[in-house]
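The structure presented is a predicted model; accordingly, all values stated were derived computationally and were not measured. So you know, we letter chains A, B, ... as the sequences are listed, proteins then strands, and number each from 1. FYI, side chains are in, hydrogens and waters are out, and symmetry mates aren't considered; it's all heavy atoms of this structure.
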Protein chains: 2
Amino acid sequence: MSATARVPQGERTRAMRARLLEATVDLLVEKGFSGTSTTLVSERAGVSRGAQLHHFPTKNALVVAAVEHLTEIRGSDLERAAAALPDGEDRTVAVLEMLGDHFSSPVFTAALELWVAARTDPALLEAVAPLEQRVGRETHRLTVELLGVDESRPGARELVQATLDLVRGLGLANTLGDDTRRRRRILAQWAVTLDAALDAAPATKKAAATKKKETTS
Amino acid sequence: MSATARVPQGERTRAMRARLLEATVDLLVEKGFSGTSTTLVSERAGVSRGAQLHHFPTKNALVVAAVEHLTEIRGSDLERAAAALPDGEDRTVAVLEMLGDHFSSPVFTAALELWVAARTDPALLEAVAPLEQRVGRETHRLTVELLGVDESRPGARELVQATLDLVRGLGLANTLGDDTRRRRRILAQWAVTLDAALDAAPATKKAAATKKKETTS
DNA sequence: AAACAAACAGTCAAGCCTGTCTGTAAATGG
DNA sequence: CCATTTACAGACAGGCTTGACTGTTTGTTT
């Protein structure tokens, strides 16, 4: 009689899929996209080949699910990091370093692998493109909010975009070796320049809340 | 005696290797790194498998040679594009667009594939890292020269680096679809900001030659 | 011109990867 | 408590890739 439902099926499925997706992301970072074979994933996840194929019938299904999983991780990572930002005077530099760190983290590396692979894999592209676009838009929105940028000012929007493309480029540079020191120097300088550019003719800048900086030496 | 050297061996070797390397680079762009199999390369190059293995005994040898080949192409491409730059007043924007175009071109795409693959392939990394570093330094030098930047001024060097990392990021964004319009807008704004930042306190700026801009509205 | 070396051609085996297939255990529903 | 469905296990075949290997042609050297 005791032998009724020990572990409900929903729970089992969730755990199994989670383990597989985590292993997939880990392997993307460790071995790259082409090195992430389904056999390796099942081994790494401690899941039998049969079970894996049950939950994800094809490699594409697995990878697409991994893309979605990764997108969620990236989103929550960013929000968490944003919430932990100090409110002090060096707000801009803190925001930039937070972004720079994110785009140099393993999650970005995994995303980069998928990104590059998707370029020559139509099926993957179909899954990656919309999600990446979403992440891009959200990151933009978040950055605008964190920096208190008035996007109605001409050029402001482009400067935010440039900032994000810059950290993407820095993230790319970071994949071939630790680039932290260089990144810090560059972002510190960019923070000064960006502030100057955005404060140039403040018009109705809502950032009245934010303390204005006349930092320049 | 007339039947001496019809086609000298050196010539044949050079032509054969060139065909193989070109095919390799083409396939990197078309199919990505993992899609670039040695069989495909030999087919594409119109070279027998035996001949291929004669010139490049292993895939690694082929790819490493392709990296070097690509590095040369990138170098000469950049120099050629630099030489073709107009001398007019919008020098900065022209330089930035030239860089942006280069980092959005097929050669960059091929380099990106190698770059990403090298991250998880020690043998490849050994070949890619030093060459990429060289290209990076040369690009930096070229940019400094084209923009007439005085690197002795604090922050100037970092702004140039930021510019290059930005175009790298823009190049990355361009791989998932044509991004030309957005890139132009961003670079136009970046040019304004960069000029303002570099001209801020001109000290002994040698760019006395370059016309000064008080563009800001 | 003869011997030698380099260039070129194509076949073959070993290994890996993916996805199919058959079989077993566990859980839910009546 | 039995039937049905879902979860899990592992063997297997087909395809592709790499590099080794044998044989043929072409250029070089003396």
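- Between the CD atom of B/Glu43 and the P atom of C/dC8 there is a distance of 18 Å, rounded to whole Å.
- Distances from the side chain of A/Lys59 to the nucleotides C/dG19, C/dC17, D/dC8 place C/dG19 closest.
- The distance between atom CZ of B/Arg49 and atom C1' of D/dT24, rounded to the nearest whole Å, is 19 Å.
- Atom CZ of B/Arg17 is separated from atom C1' of C/dA6 by 14 Å (rounded to the nearest Å).
- Side-chain N or O atoms of A/Arg157 include none that pairs as donor or acceptor with a backbone N or O of A/Ser152 at under 3.5 Å.
- Distance CZ (A/Arg14) to P (C/dA27): 16 Å, rounded to an integer number of Å.
- Among C/dC8, C/dT18, D/dG19, the nucleotide with an atom closest to any side-chain atom of B/Ala51 is C/dC8.
- Put simply, B/His55 has no side-chain N or O that comes within less than 4.0 Å of OP1 or OP2 on C/dA6.
- Distance, A/Lys31 NZ to C/dC17 C1': 15 Å, rounded to whole Å.
- Each of A/Leu170, A/Leu96, A/Asp179 was evaluated against A/Ile186; a single residue qualifies, A/Leu170, per the side-chain contact (heavy atoms from CB on, under 4.5 Å) test.
- The phosphate of C/dC8 (OP1 or OP2) has no side-chain N or O of B/Ser48 nearer than 4.0 angstrom.
- Considering only side-chain N and O atoms, B/His54 lies nowhere under 4.0 angstrom from the phosphate OP1 or OP2 of C/dC8.
- Between the side chains of A/Arg183 and A/Ser104, a donor-acceptor pair is found at a separation under 3.5 Å.
- Across all strands, B/Thr38 comes closer than 4.0 Å only to sugar-phosphate atoms, never to a base (heavy-atom distances).
- Side-chain N/O atoms of A/Thr13 include none lying less than 4.0 angstrom from OP1 or OP2 on D/dT6.
- What separates CG of A/Asn60 from P of C/dC17 is a distance of 17 Å, to the nearest Å.
- Between B/Phe33 atom CZ and D/dT17 atom C1' there is a gap of 13 Å when expressed in whole angstrom units.
- A salt bridge links B/Arg168 with B/Asp165: the distance from a Lys NZ or Arg NE/NH1/NH2 to an Asp or Glu carboxylate oxygen falls below 4.0 Å.
- With rounding to whole Å, A/Met16 atom CE is found 10 Å from D/dA9 atom C1'.
- Contact annotation for A/Ser37: backbone-only contact, meaning every heavy-atom pair under 4.0 Å involves sugar-phosphate atoms and none involves a base.
- Taking for each of A/Leu53 and B/Gly50 the nucleotide of DNA chain C with the nearest heavy atom, the 5'-most of the two is the partner of B/Gly50.
- Remark: the A/Gln189 side chain and the A/Thr193 side chain contain an N/O donor-acceptor pair separated by less than 3.5 Å.
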